[in-house]
Amino acid sequence: MKSAWTLRTRIAASFIALFFVVQVATVLVVSLASYDSAKLKVADELTVARRVFLRLLEQNAEQRGQAAKGLVADFAFREAVASGDTSTLESALENISVRIGAKGAVFLDTRGDSVAGTLGGLGHDVPTTLADFIQGNGKRPLQPVVVGGQAYQMVPAPVRSPVIVGWVVLFFPLDEAMAKELQHLTNLNVTFISNGEAGPRVIASTYRARDGNFSILSHGGARRQGTWTAEMDDGPHQGAVIDLNQQRPGSLICVIERPLVPALKYFFDVRNLLLMLGLVALAVLALISVLLARGITRPLEELLVAMRGITRGDYDTPLVTPKAVGGELGAVADGLNHLREGIRDREHRILSLAYEDALTGLPNRVRLIQSLQSAMVDGTGGPTTVFVFVVGLDRFRSVNDVLGYAAGDEILVQVGSRLLGALDGASCVARLGGDEFAALFAGDCDVGAVTSGIAGVFEESYQTRGQAVDVRASVGLAQFPPHGPTSEQLLRQADVAMHTAKTTRTGFAIFDATTDEVRDDQLTLLSELQRAVDRDELEMFYQPKLNLATGEVTGAEALLRWRHPVRGRVPPGLFIPFAERTGYIRVLTRWVLRDVARQQALWRASGLSIQVAINLSTRDFMSDGIADFVSEACSTAGIPAECLRIEVTESGVMDDPRRARETLAMLAERGHPLSIDDYGTGYSSLAYLRDLPVDELKIDRAFISRVDADRQLQTIVRSTAELAHGLGLTVVAEGVEELGELAILGELGCDYAQGYLVSAPVAAAEFEAWVRRRAETTPRVPRQDGDVPDLARVG
Amino acid sequence: MASRILPLVVLAAAFISRALAADITVKVSDAAGHPLPEAVVYLRGAGVAAVGAPAQVTIDQKNKQFAPQISVVSVGTAVAFPNSDQIRHSVYSFSPAKPFTIKLYAGKPPAPVVFDHEGIVVLGCNIHDAMAAWVAVVDTPIFGKTDSGGVLVLHGVRPASYELAAWYPGMESGPQTQTMAVTGVDAVSREVRLPVSPLGNAGQ
Ligand SMILES: [Cu+2]
């Protein structure tokens, strides 16, 4: 939940919530305070109203008393009083009542006895009150009374003749007019209520009789002591009770009250204003909070975006340090910038390592592929063509072997720089690895000029350590379109062409799609190779070794062939190096060992005695337990160890001489005859070989090819053979392809010859047939036409 | 010895000259017990009656007040109401003993008013309510008002059985009375306490 909230939301929400709480608290406090003060205000109003009311009654009494005094001082009235004639007196009293506006009047003598009156039925209370008043000489207050269901304010006036001979008491009603007058003065509702034995009764009120509040009041509602708040017909009212007759408390009261709501209007106004202000402030604050939060989080988000860019690998866009935000965020942005630049620089270094050939400083294969890709992509938009030249140095291995790797490297560097100088029109000159270089041309390209330029590179000999070395090269060309379509394919096609040129010794070849269907994506190769073992697509071919002295064939070299169900025969050169690189060669080797041993057992059973040689790759040779496995294969098949010859290359031995010696010793101990293969390429000394338990030396084809025409080669072969013989080794010449070569080999001291001239590698059955046929006839040199030429090294 | 006889002789001579008469001293106090001046005191008895026309009595009007405020007269006495103020006054009475009215006047009224019935007559001025005067009309020649010490001495009262009456304004129901025997030899002294307040204080 928390993580779903962005920082911005959280900041803004915190602000808003905090402010909301404060706002609510403020509104509450102010509301309560103003509510209280409003109620107090009403209460104050009631107190004032109460005082006003009492003062009004007093004033009324005073004014009317004064008026009454004047009237009763009338001489004629006093005469009427003195006359003792009741009817005269009553008419006089009535006259006074009318003149002063009273409801009635009574005359009482100085003892308080009623002598005459115009207000009938005073009852008992009133005379008692009046007698009390008169006996007190008019000093006690005269309280309002209820007479005949009507409330009256009694106003006394003494009759003097000249001493007080009696009192005239005037009765002024506390009626609706009075109530209205009070209402006018105080803004309060005024109701006079009597409480007799029959219960409360509204005597007069500012309410109409039909009003709900009238009914409530007349039923005794809201009738309490002092100040009160009560629910009435139209909501809460606040009011006060004035007890008018304190001699008989509660008998006559005046209720003054008002509805609270209008009285609290001020309060509600204030509260509403507060609420409105609060809402507006909240809205403003929300806006500010969001803006503020955005101000904080936007730079963060920008940093985040920039960091994502870095994560994606975009190191070139500098982080924009937000101007508005200095301090920490700015520092973070700076730090990220440094980090970004550091990463960028390191990546540049790594990239340069990845894309640059360490030895020559030229772009490497990967870089070339990239250049190819971009060039080919550009080419799709128009008629642009891409040319890839692969330059492979011929027999450069022998340079390494003879002069050492350091010298070889020097030459490679020089080749690179010369190529670069000669092919200034190339968009990329790269070293593919080993002794292979490549040049890439986009757009128009004069192929002839390029090839002659490349040839020029190798016209002059190379100088290394005071020695002049002639280097030759074969050039392959692939062109997009039509070749390709992928850059990898294009490069490989150029490579194939180069190999073709090398094999055919033409020096230059353009890729021919018809000759290269088999090579394909190497990734599929591995899985197919794995399948090949399981599906029995592999097959061993055998190439005979001809005994030059006897013309007999007593041995053969077993060579692995792959009969692909779709592609047909896959040349070993296409998959053996690949298998060696991937390590899958071990599986192949084991399969080969088992298959050869099995075949040997078959042949032996059929009376065919042929010693078969198996090539162990350097990788196999150096692996633990290879000797045990070889022995196991022989014992499983039931063949003696001497039937299985093991061939290891000279370079393989020289890679790790001590280990090689140990393995060879183990194999020899088990009885396996051992051969050094490809001799002459590994720069090993025969003195060293002398210590090894080998009995055969196979001279590399490079020394045999055209040996009949090359005296120098003859010298090398002869001396090598002599030395080998001296060490007790037999000598095999490999790659014999010409009759001339074969003719001279015996003379040069070679014991065996192997090559196309004798026989191409053939399947076991064919080999067996060939051997048997040959054994029956005189030795001759067959030529197997129609065989697929083996592009890889033979033997 | 002779020196002792002379005073006796003088005393005897005096006794003889005022044979069968006694002085009555009446001391009147108000409700609070303080001496009450101006209180009306009189004696009534069988065979004692107002006799003849005594000298004219005057009740003056000064400073919007009757002077004196309290008078005691025997039945048949004529009372003059001169007006000493510069303003007019109108004297009236609603008292049953003597109702009368003298319309507004200045100086001397046309005729004195004869009080011919026994009783208390309250006098007022029709235009000045504060003016009040009381005239006690008694049917006896023996009467008087207490002095400033609240004391009245009635001289030469013949031996008889009397009713001693004392009155003061405010006593609506009439005078306070008591019987009193006068032997004519011994001086009689009485104290009377009336349930009233002095006029000056009452200010009614
Ligand atoms: Cu007067």
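In the text below, chain A, chain B and the rest are named by the order of the sequence lines, each starting its count at 1.
Looking only at side-chain heavy atoms (C-beta outward), B:Asn126 and A:Arg78 come within less than 4.5 Å of each other. Contact of the A:Ser161 side chain with the B:Tyr92 side chain is registered, since non-hydrogen atoms from C-beta on lie closer than 4.5 Å. Side-chain contact between A:Pro162 and B:Val122 is present, with at least one heavy-atom pair separated by less than 4.5 Å.
Environment of CZ in A:Arg55: crowded, with over 12 heavy atoms of neighbouring residues, nucleotides or ligands closer than 6.0 Å.
Residues satisfying the side-chain hydrogen bond (donor to acceptor under 3.5 Å, both in side chains) test with B:Glu38, not counting sequence neighbours, are B:Lys145.
Listed by sequence position, B:Phe94, B:Thr101 are the residues of residues 94-107 of chain B in contact with chain A, using a 4.5 angstrom heavy-atom cutoff.
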